[in-house]
2 protein chains.
Amino acid sequence: MALDVRKKQVLDAIVDDYVSTYEPVGSKALIERHNFSVSSATLRNEMAELERLGLIEKPHTSAGRIPSDRGYREYVNSLMSYDNLTDDERSDIEERISGSVDDITDLIKTATDTLSERTGFVSLYMSPRLHKSFLKQLKMLMIEPGKALVVIVLSAGVVKDKVVRIPNFLTGEQIMHISDSVEQNLTGKPLDEITLVTVATSMKGADIPEAMMNQIVYEAYTAIKQADSLNIYLEGENKMLQLPDFGELSKARNLLDSLSNDGMVAGYVNELHPMDEPNEDSFMIRIGQEITLDGLQDCSFITTTYKIGDDISGNIGVIGPKRMEYSKVISQIDFVRKTLNNKIKRLTE
Amino acid sequence: MALDVRKKQVLDAIVDDYVSTYEPVGSKALIERHNFSVSSATLRNEMAELERLGLIEKPHTSAGRIPSDRGYREYVNSLMSYDNLTDDERSDIEERISGSVDDITDLIKTATDTLSERTGFVSLYMSPRLHKSFLKQLKMLMIEPGKALVVIVLSAGVVKDKVVRIPNFLTGEQIMHISDSVEQNLTGKPLDEITLVTVATSMKGADIPEAMMNQIVYEAYTAIKQADSLNIYLEGENKMLQLPDFGELSKARNLLDSLSNDGMVAGYVNELHPMDEPNEDSFMIRIGQEITLDGLQDCSFITTTYKIGDDISGNIGVIGPKRMEYSKVISQIDFVRKTLNNKIKRLTE
DNA sequence: TATTAGCACTCTATCAGTCCGAGTGCTAAC
DNA sequence: GTTAGCACTCGGACTGATAGAGTGCTAATA
């Protein structure tokens with residue numbers, strides 16, 4: 001799509017105006033607000049051309065133009081200029097995130113909340129993907145007869161645990177044995193290389209009757225695997241009701257219903273960030289119709305990646321109306337991500 | 001408020017009709033739908049009287065009547081007949097809750113989700129109040145230099161844990177010592193009797209240099225206290241947008257904004273259920289203006305109590321529009337509570 | 001050839017006016 | 001105490017007229 005300079009300026013101006021006013025922009029309004037050195041008639045010709053190219057559209061015959069999804073895409077890809085945060089904004093974000101407690105999950109959550117508050121949109125994080133992280137410790141604690149707590153420590157100091165059922169007559173002593181044996185054999189292994197078989201063989205050392213082995217193997221295995229399950233956290237859904245974009249009740253309903261389906265959203269965000277991500281510092285941007293999730297076609301997704309150590313990463317980002325100030329939102333996410341990464345680094349060193 | 005029989009019938013009919021139609025009920029409609037053996041004129045007189053008593057009101061001069069908050073209250077207190085669930089409903093609830101996993105929190109969450117799904121309203125649970133539960137075990141696990149995991153096992157098998165910072169040069173050995181010492185001295189104590197002082201004295205046994213004691217005492221103490229912090233979980237906020245009661249965008253906004261403030265809602269529900277609750281099987285019902293939480297004056301709260309063992313309890317309930325079928329909702333909550341209590345009992349035995 | 005002024009046309013949003021129906025309170029009769 | 005009847009009120013739905021913003025097209029211009 002090779003647009004000449006003036007067409008680019010016009011599209012840029014239309015997006016800017018429409019984003020800030022939520023009113024279709026006409027040729028006259030365009031002349032008034034931007035200093036084009038041509039007349040409105042010329043702009044009308046340009047706009048007709050842009051419409052033929054599929055970059056802008058009319059809600060109805062006698063209205064101004066609004067950007068189409070492809071228009072936003074063009075804008076984001078090649079027209080938009082990046083924003084710099086003000087010092088105030090920076091220090092605000094830094095304070096909020098640094099003032100947070102020591103727990104990594106709390107930290108990520110705080111970063112996400114900050115994002116929603118600062119943009120006025122929905123923000124989200126995906127729990128860290130641990131499949132590449134490796135096992136540093138595994139302990140089993142007897143809680144009461146028939147119940148034990150499996151504690152798993154992963155690289156970068158991530159801790160997970162799960163209460164599991166065990167055969168009733170196992171003693172604390174025996175549990176310790178098993179746990180030591182498993183730990184010795186599995187420490188250093190990445191999570192995605194741990195299978196039911198490796199867990200089973202790792203227990204060979206502890207001399208526990210074969211009969212009760214199966215249950216423990218299974219429970220230990222699920223405890224480990226559960227650590228790697230994918231969770232999503234969404235914040236600020238209600239803020240979307242303030243936006244004119246969702247001022248019609250049916251649109252608002254649609255939006256909130258779609259967002260309430262955590263699993264679907266998580267799956268979608270997960271798809272956006274493939275496992276072997278080539279460029280981790282980049283943003284994934286999906287606009288309007290590009291989004292293959294039902295009911296979110298008036299939205300845009302902007303997500304990026306945070307890191308815990310070298311092996312572990314997760315995603316953080318924003319879901320807003322597609323009519324948003326992309327440059328502002330992206331720079332907010334960028335700075336929050338950086339601040340978060342730094343704080344995590346300090347925490348895990 | 002001593003109402004004669006017919007006034008009661010009229011109020012009852014008005015509430016029933018209004019709840020099911022969301023239309024103000026007039027004297028004629030009342031005659032048509034219920035077989036009163038008097039004329040509409042007589043009913044008009046009765047209605048005028050009920051209005052004088054503050055039990056019903058008119059949206060405007062030429063409209064029918066709708067129940068006032070006091071009208072709903074009167075209805076709930078003395079008119080409403082209790083509903084019995086159908087066998088289908090019972091088995092549906094039982095299946096959903098019994099199909100859930102073994103973790104108590106998951107179980108309560110499932111029960112809450114069920115409640116929202118079955119009523120179409122917002123449901124909630126408050127995390128168990130643990131202040132009366134007593135300490136059964138306390139273990140500290142070294143995770144890496146400077147970091148330990150405190151695992152706390154409470155009565156009824158409730159497990160809590162927290163990662164804490166410890167002095168860098170403490171060895172795993174020393175941590176074990178401290179943990180054993182604390183455990184020995186505090187086991188059997190109710191959480192609300194554990195203070196900074198008792199924690200400190202409990203560590204006297206482990207011979208750790210005085211200097212680093214303070215930090216550990218503090219961290220152990222906060223770990224214990226955090227176990228008792230009050231959390232709330234809300235489910236189904238978006239469902240409220242389907243209701244005509246919140247069909248105006250401003251009302252919907254108001255509602256969701258209020259509900260998004262978890263802390264406020266938690267505080268309110270907590271107030272409703274005083275610590276030394278006299279009758280644990282009862283329902284707390286708050287209707288419309290009775291609710292002292294901003295922005296929820298078109299709602300009703302109905303909450304009750306679930307139990308984990310003898311010492312631990314929490315709350316579960318529903319927030320819906322005040323125009324709701326109270327008897328149905330109450331019986332749903334009642335049955336969910338019973339099912340939940342049973343399942344918890346089986347789980348903790 | 002690109003630009004522009006001008007003009008006829010289109011469509012929406014808004015506002016006032018009208019009418020209908022449901023419901024009320026009151027009065028007088030039963 | 002109950003009821004029929006009636007005048008009155010008010011919101012909601014419909015209508016038609018109007019203003020305003022914007023367009024596309026044409027013909028003139030640089």
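Letters A, B, ... mirror the listed sequences (proteins, then strands); counts begin at 1. Heavy-atom basis, side chains included; hydrogens, waters and symmetry copies ignored.
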| query | Ignoring hydrogens and geometry, is there a side-chain-to-backbone donor-acceptor pair from B/E74 to B/G71 under 3.5 Å? | reply | no

| message | Has B/S123 got a side-chain atom pairing as donor or acceptor with B/L115's backbone, closer than 3.5 angstrom? | response | no

[X] bridged to [Y] by N-O distance under 4.0 Å:
X	Y	value
B/E51	B/R65	yes
A/R323	A/D298	no
A/R118	A/E89	yes
B/D245	B/K251	no
A/E117	A/K239	no

Between the protein and nucleotides 28-30 of chain C, list every N/O to N/O distance that falls short of 3.5 Å.
none

How many Å lie between [atom1] on [X] and [atom2] on [N], as a whole number?
X	N	atom1	atom2	answer
A/I31	D/dG22	CD1	C1'	14 Å
B/F36	D/dG1	CZ	P	19 Å
A/R6	C/dT1	CZ	C1'	13 Å
B/L30	D/dT3	CG	P	14 Å

| task | Report the residue from B/Y268, B/F121, B/F283, B/Y326 that forms a ring-ring contact (aromatic ring centres under 6.0 Å, His included) with B/F301. | result | B/Y268

| message | Does a side-chain N or O of A/T42 approach OP1 or OP2 of C/dT3 to a distance below 4.0 Å, or not? | response | no

| remark: Protein heavy-atom contacts under 4.0 Å, written 5' to 3' over nucleotides 8-27 of chain C as B (base), S (sugar-phosphate only) or - (none), form the string --BBS---------BSBB--

